[in-house]
Amino acid sequence: MTDSEQGQREPTGPTGPTDRARIERYDPTAIEPRWQARWDELGLYETDLADTSRPKFYLLTMYPYPSGDLHIGHWYIKTPTDAIARHRRMNGFNVFYPIGFDAFGLPAEGAAIKHNIHPAAWTMKNIENMRRQLRSMGATFQWSAEVVTASPEYYRWNQWIFLKFLEAGLAYRAKAPVDWCPNDGTLAREQVVGVERRCWRCAALVEKRDLEQWFFRITKYADELLDFGGIDWPEPIRVQQTNWIGRSEGAEVVFSSAPGKELPGGDEIRVFTTRPDTLFGATFLVLAPEHALVDRLTAADHRSAVDAYIAQARRQTEIERLSTDRPKTGEPLGADAINPVNGERIPIWIADYVLSGYGTGAIMAVPAHDERDFAFARQFGLEIREVIRPAQVGTNAPESALAAAYVSKTASDRLVHSGRYDGLSVPDAIREIVADLATQGVARATVGYRIRDWLISRQRYWGTPIPVVYCPTDGIVPVPEADLPVLLPEQVDFKGSGESPLKTDHAFLDVPCPRCGGPGRRETDTMDTFIDSSWYWYRYLSPHDSAGPVDRAIADRWTPVDQYTGGAEHAVMHLLYSRFFTKALADLGLVSEREPFKRLFNQGQILGSDGERMSKSRGNVQDPDELVARYGADTVRLFLMFMGPWDQGGPWSPTGIGGVHRFLNRVWTLTLDAHGREPGDPDAGRLPEGEDPTAAERAIRMAAHRTLRAVSEEYESFRFNTMVAHLMELANALFRYRGTDVAGGPAWDEAIQLLLLMLAPAAPHVSEELWARRLASTGAAWSSIHSQAWPVVDASAIADETREIPIQINGKVRDKITVPVGTPEAAIERLALDRPRIVELLAGRGPDRIIHAGGRLVNIVVRG
RNA sequence: GCCGAGGUGGCGGAAUCGGUAGACGCGCUAGCUUCAGGAGCUAGUGUCCGCAAGGGCGUAUGGGUUCAAAUCCCUUCCUCGGUACCA
């Protein structure tokens, strides 16, 4: 593997300017494939899951969607993760680092319709190409554990899990609105274009349509999902999940419809409120336009206006509906409701800012104490009645028109205009009003959540078929476990419409009912692909197990995942669904752990040079193959780590990649040609001013071990950009000693060895090559650099003898002094005040105050 | 709109414990060198004033706290991610 002629290389000496032909040039294209093949051959990264001699480390990177445009963004996500894998191995861990493909999904169907290629063919072709590209990274993925979610071997277990969920009451069917195009059926949000909301294919106007669909009961776990105990996740993700779940304590209060011209009244209208203390301020009721009672409560003379309003509301997105910066809209139904707290009649409206999916789909409006209700009341001239007053104002203060809603609810606020509850504090009022209404059976304390159950149905072909059959006799009948998988039919007809071809595929559709044997019809909806990604890390551990989705014994040993890396864009969907799944699987007795990922890191996203997300259609994709061909994988890996903080991402620009390549060239030169000298350096071959060989060696050791200290921490905390910068600094420092008397000596040698070891996880090929050449040059037997132990810092090498201390006057640095470490503050102060520059600048003004920042800095404060 | 993140030289970024702003790299400038290459090496490079010494200014914006603020608090503006059928 290593070049045998290395042993015969002529001994070098301080022989003057380099003959650059003497050492081979760094040629990554020759080195990299050779080592990749060798690592494969040796099975260096095949993890023995049964090995318990070392601590386990399950490293997971979010598996890619095989979109066919593997771009530099995939490298940005995966090569630093590979560096983590290699670094953990050097630190003695048994590392499992698998890879797979999230192979179901919408883009494959888009390609099918557009290019007349089958989704499966398109997907598999893309996977083939991506496998090759992923291998070119030199990453240590364990390919033998690969998972492809579109294979029946994988998705049959989606179906199996679905059946378990159904049995456990975690799966159910209900109506839910979808974006609907009359020609192309259900549309994803990205298929609805423009402010007019038209279909991407036929430009028809899109509207909401209610369909019977399948749900998973994630809300059952809402409270447990709010608890992040025992997992080390970034604060922003925890905050986003917490807000997404949106727990709020409040009460459900029952209003009833008032008798009117057309109706006897007495219909129950349930509202959810977090502010039952403001019930006396409720001056109207607002229902979601989709609310079940709207039709019944609408008076004849309001019917046409109400219908028109509902129609336009069904063309809005929720984002539009919830936007608070557009004018409020709504319609009165021409009916009243009765407030249970005081028997008052208040008008009932519908408005799109009330959503049917949150709470009860109806609210009591308290314009004085809710911003949206306030805006609505202003818009339509409805009464605004103040019922909470801040303590400072006092409950007897004269009334004045509110300029804005007063929404705070501190314990010092008091109720006004609230009958016998006047003067109570907000918390007391909440308790008492709810208690009183509860005794009449018209209220109960309850908890509301913003999160909704997970709609898993997709009216799509390219996904996991939902394993149920509809039977006219037996209703919804689960497919028996023994009949799994329900295979996705391969021969289907894409009619050039967005409608799922399963809907018209009779070979698929027409099946006997598993229960009665009579004619049945298969479910044609497939599953959300987030189901695939909600448990795939378990499958990696036993990818071919035909007895169950998870091998419990292996899973118990290897999960939770120790480190998960992926994008923050998954904060509230994939990362929340995965937590839900883990808890549900644990309750089903399939796994033991209740959290999937012990530690999470969100790397940033690489955008196109135009600042947009990279995609083929935008034409802003950077192909990594080109860069690899030109610079080699190591340079690309290192450049991506060097670009900036890993959690930041940003627009792609190859500017600066040459600098990283130059750095690797310098490491190459330092390792193979310690004694060479460069013309152009006037000091070549001479030790730095004032350094004898002993001092020079000490300086080299200090530089190497300080770098090791910094780099070790930076690998641990994934600060790869500064890690690379520190390695560059060390290389620069060593370059100053190249060609001098200490070059090639013991300190130099140690520094080179450390440099290569530190570089190994990030730039695995060149470090392996140079490592092999070093071993060969000393006649030592080869062993991979990636099997070496991570080096240990020699504390004695890095100890400081002196320290530079900046001297500030009024916070501005005016001078610096260098003192022995441990110099007492009083002595530093004296030295500082004696400096001629300081004396001059003080100009006789006595210091008013002198601040010592722990011996790191002196600040002399003078006034006037 | 709402939730989350971010804004520092010509550019990517460093300083993450409130304590020397600009590490490291790109680019640029000058010099050296010549297996003349998209090569290598050395030095300089925030900005304004200045021959220099040195000084003024400076971390999106405006304010505040502090001996001291890129860092903490408040205002405003801009960019990115998510917003439940993209993954």
Side-chain angles (χ1 to χ4, degrees), chain A residues 17-21 25 62-65 67 102 104-107 110 178-179 186-192 234-237 239-240 242-244 246 317-326 357 451-455 457-460 528-530 533 567-574 576 602 604-605 607 611 613 615 630 639 642-645 647-651 653 655-660 662-663 665-666 669 677-684 719 721-722 724-729 732 735 804-808 810-813 816 848-851 853-854 856-861:
Chain A
T18 306
D19 171 2
R20 297 206 58 82
R25 286 181 54 140
M62 289 181 185
Y63 63 174
Y65 178 78
S67 58
D102 188 13
F104 275 137
L106 194 56
V178 296
D179 281 327
T186 307
L187 299 181
R189 198 172 78 171
E190 65 169 18
Q191 295 174 323
V192 179
E235 163 99 16
I237 300 288
V239 169
Q240 279 185 87
T242 302
N243 293 340
W244 182 259
T317 65
E318 284 191 10
I319 293 173
E320 287 164 348
R321 288 177 58 164
L322 291 173
S323 173
T324 49
D325 69 346
R326 69 191 182 122
I451 192 174
R452 306 197 286 258
D453 276 334
W454 177 8
L455 196 170
S457 284
R458 295 293 179 269
Q459 288 79 53
R460 307 275 171 207
D528 182 359
T529 57
F530 276 123
S533 55
E569 68 271 20
H570 291 293
V572 296
M573 309 208 66
H574 163 58
L576 195 58
N602 297 116
Q605 196 172 24
L607 307 170
R613 250 176 83 160
S615 76
R630 191 161 145 197
F639 175 59
F642 182 58
M643 266 173 44
D647 58 5
Q648 197 170 288
S653 162
T655 309
I657 192 169
V660 171
R662 192 166 304 131
F663 161 67
N665 266 299
R666 281 160 75 86
T669 304
R677 293 176 191 170
E678 300 296 324
D681 181 357
D683 295 323
R719 299 199 315 270
N721 57 328
T722 53
V724 176
H726 280 124
L727 292 180
M728 286 174 166
E729 270 180 292
N732 291 346
F735 234 87
E804 186 186 56
I805 297 178
I807 305 167
Q808 297 181 333
N810 290 340
K812 287 200 158 104
V813 177
K816 287 167 189 177
D848 292 296
R849 198 173 154 190
I850 294 179
I851 313 269
R856 287 189 313 262
L857 165 146
V858 177
N859 187 14
I860 301 165
V861 184

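All chains are named by letter (A, B, ...) in the order of the sequence lines, taking the proteins before the strands, and each is independently numbered beginning at 1. Keep in mind it's a predicted model, so treat the numbers as computed, not measured.
Taking atom C1' on both B/rA70 and B/rG46, the two are 14 Å apart, rounded to the nearest angstrom. Taking atom P on both nucleotides, B/rG6 is separated from B/rC74 by 15 Å, rounded to a whole Å. Taking the C1' atom of each, B/rG22 and B/rC11 are spaced 13 Å apart, rounded to whole Å. For B/rG10 and B/rA23, the P atoms lie 14 Å apart once the distance is rounded to whole Å. The gap from the P atom of B/rG50 to that of B/rG37 amounts to 44 Å, rounded to the nearest Å. Between the C1' atoms of B/rU65 and B/rG56, the separation comes to 25 Å (whole Å). Taking the C1' atom of each, B/rU20 and B/rA14 are spaced 14 Å apart, rounded to whole Å. B/rG13 and B/rG63: their C1' atoms are spaced 29 Å apart (whole Å).
To the nearest angstrom, P of B/rA84 lies 14 Å from CG of A/Leu187. Protein atom NE2 of A/His574 is 18 Å distant from nucleotide atom C1' of B/rC85, rounded to whole Å. Look at CG on A/Asp453: it is 12 Å from P on B/rC85, rounded to the nearest Å. Rounded to whole Å, the distance from CD on A/Glu678 to C1' on B/rG40 is 6 Å. Between the C1' atom of B/rA39 and the CG atom of A/Asn665 lies a distance of 9 Å, rounded to the nearest Å. Summarising the geometry, the separation between CZ on A/Phe530 and P on B/rG82 is reported as 10 Å, rounded to the nearest angstrom. Per the geometry, CG belonging to A/Asn859 stands 17 Å off P belonging to B/rG18, to the nearest Å. For the pair A/Arg25 CZ and B/rG40 C1', the computed distance is 10 Å after rounding to whole Å.
A sub-4.0 Å separation between OP1 or OP2 of B/rG82 and a side-chain N or O of A/Arg613 is present. OP1 or OP2 of B/rA84 sits under 4.0 Å from a side-chain N or O of A/Arg189. Close to B/rA69, at under 4.0 Å from its OP1 or OP2, lies no side-chain N or O of A/Lys812. Residue A/Arg856 places none of its side-chain N or O atoms closer than 4.0 Å to OP1 or OP2 of B/rG19.
Under the side-chain hydrogen bond (donor to acceptor under 3.5 Å, both in side chains) criterion, A/Asp683 pairs with A/Arg686, not counting sequence neighbours.
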Distances under 3.5 Å between nitrogen or oxygen atoms of protein and nucleotides 72-74 of chain B:
none

Set out, line by line, the N/O atom pairs under 3.5 Å between protein and nucleotides 31-33 of chain B.
residue, atom, partner, partner atom, Å
B/rG31, N2, A/Gly680, O, 3.1
B/rC32, O2', A/Gly680, N, 3.3

Expected rows: protein N/O vs nucleotides 58-66 of chain B N/O, under 3.5 Å:
none

Under 3.5 Å between N/O atoms: give me all the protein pairs with nucleotides 21-27 of chain B, atom names plus distance.
residue, atom, partner, partner atom, Å
B/rA23, O2', A/Glu729, OE2, 3.4
B/rG25, OP1, A/Asn732, ND2, 2.9
B/rC26, OP1, A/Arg662, NH1, 2.3

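Rounding to the nearest 0.5 angstrom, the gap separating the CZ atom in A/Arg662 from the CE atom in A/Met728 is 9.5 Å. Note: A/Gln605 CD to A/Gln648 CD = 13.0 Å, rounded to the nearest 0.5 Å. Rounded to the nearest 0.5 Å, atoms CH2 (A/Trp454) and CG (A/Leu576) are 9.5 Å apart. To the nearest 0.5 Å, atom OG of residue A/Ser653 and atom CG of residue A/Leu607 are 12.5 Å apart. Atoms CZ and OG1, on A/Phe735 and A/Thr669 in that order, are 5.0 Å from each other to the nearest 0.5 Å.
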For this session: Report the C-alpha separation of A/Arg666 and A/Glu678 in whole Å, then their side-chain angles, then the decisive distance to 0.1 Å, and conclude whether the salt bridge (charged side-chain N to carboxylate O under 4.0 Å, His left out) test is met.
Result: CA-CA 12 Å; A/Arg666 281 160 75 86; A/Glu678 300 296 324; over 6 Å; no

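Glycosidic conformation of B/rG9 is syn; the angle stays within 90° of 0.
Within the 4.0 angstrom heavy-atom criterion, only backbone atoms of the sugar-phosphate kind lie near A/Phe735; the bases stay farther away. Heavy atoms of A/Glu320 sit nowhere under 4.0 angstrom from any nucleic acid atom. A/Ser457 comes within contact range of at least one nucleobase, with a heavy-atom separation under 4.0 Å.
Of the two residues near RNA chain B, A/Ser323 and A/Lys816, the one whose nearest nucleotide lies more 5' is A/Ser323. Residue-to-nucleotide proximity on RNA chain B shows that, of A/Gly644 and A/Pro806, the 5′-proximal contact is made by A/Gly644.
The side chain of A/Glu190 approaches B/rC86 more closely than any other nucleotide in the set B/rA5, B/rG81, B/rC86. Nearest to the side-chain atoms of A/Ile319 among the listed nucleotides B/rC85, B/rG12, B/rU83 stands B/rU83. Residue A/Val239 has its side chain nearest to B/rC3 when only B/rC80, B/rA84, B/rC3 are considered.
By the 30° and 60° cut-offs, the orientation of the rings of A/Phe530 relative to A/His570 is perpendicular.
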Exercise. So what does the secondary structure string of RNA chain B come out as, 5' to 3', with Watson-Crick or wobble pairs under 3.5 angstrom, [ ] for crossing and | for pairs with another strand?
Worked result: (((((((..(((......[....)))((((((.......))))))((((....))))..(.(((..]....))).))))))))....

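The two residues A/Thr186 and A/Arg460 have their closest heavy-atom pair at O-NH2, 3.4 Å.
Side chains of A/Asn859 and A/Arg849: no donor on one and acceptor on the other come within 3.5 Å.
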